[in-house]
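Here's the structure we're looking at; comments come further down.
Along the sequence shown, residues are numbered consecutively beginning with 1.
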Amino acid sequence: AKGNLRTQAINELIDQTLAWQMAKKANIRVDDKTLNQIIADVAQRNHLSSAALLEKVKASGMSPQQYREQLRRNVTVARFLQQQFAAQVH
């Protein structure tokens, strides 16, 4: 089972990387203003200020810049997948 979990994790990473590359090719971007709003929304849902959220991020061992870039990638990929799904439905 351990090997299977490792294989699943590797496959997930590959899928995420491919989706990110495809989203970039499709010219899907998340600008800083949008990213700041998403961070503010995440903070609000957790009853924190944006600054307090980023402090928690730092305490977890990730720099605020790493968090922003990871979030940017996740949102970019999510938008790409939404776009792909919408195209298939129509």
ask   = What's the shortest heavy-atom distance between Arg72 and Trp20, and which atoms?
value = O-CZ3, 4.4 Å
task = Specify the closest pair of heavy atoms between Ser50 and Ala40, including all atoms of both residues, with the distance to one decimal.
result = OG-CA, 3.4 Å
request  = Would you give the length of the straight line joining atom CG of Asp15 to atom CG of Leu18, rounded to the nearest 0.5 angstrom?
outcome  = 6.5 Å
message = Determine whether a donor-acceptor pair (N or O, by modelled atom type, separation under 3.5 Å) exists between the side chain of Thr34 and the backbone of Val30.
response = no
ask   = What pair of heavy atoms forms the shortest contact from Phe80 to Ile28, and how long is it?
value = CA-CD1, 3.4 Å
note = Rounded to the nearest 0.5 Å, the CD atom of Glu69 sits from the OG1 atom of Thr76 at a distance of 9.0 Å
query = If you look at every heavy atom in Leu53 and Ile39, which pair is closest and at what distance?
reply = CD2-O, 3.7 Å
Verify same cluster id: Leu35, Leu54 (apolar side-chain graph, 4.5 Å) = yes
Sub-4.5 Å side-chain heavy-atom contact between Val42 and Arg45 = yes
note = Residue set satisfying side chain to side chain donor-acceptor pair (under 3.5 Å) with Gln16, at least two apart, ordered chain then number -> Glu12
ask   = Heavy-atom count around Gln44 CD within 6.0 Å, excluding the residue itself: above 12?
value = no
ask   = Strictly by modelled atom types, are Asp41 and Gln37 linked by a side-chain donor-acceptor pair under 3.5 Å?
value = yes
task = With the side chain counted from C-beta on, respond yes when Val75 and Arg79 share a heavy-atom pair under 4.5 Å apart, and no when they do not.
result = yes
key: Leu71-Leu48 co-clustered via ILVMFWY side chain contacts under 4.5 Å   = yes
ask   = Can you tell if the side chain of Arg68 reaches within under 4.5 Å of the side chain of Asp32, non-hydrogen atoms only?
value = yes
query = How many angstroms lie between CG in Asn27 and NZ in Lys25, if you round to the nearest 0.5 Å?
reply = 13.0 Å
request  = Just jot down the side chain to side chain donor-acceptor pair (under 3.5 Å) partners of Gln66, sequence neighbours excluded, or say none.
outcome  = Ser63
query = Do you know which two heavy atoms are closest between Gln70 and Met62, and how far apart they sit?
reply = OE1-CE, 2.9 Å
key: Student check: side-chain heavy atoms of Arg29 and Lys24 closer than 4.5 Å   = yes
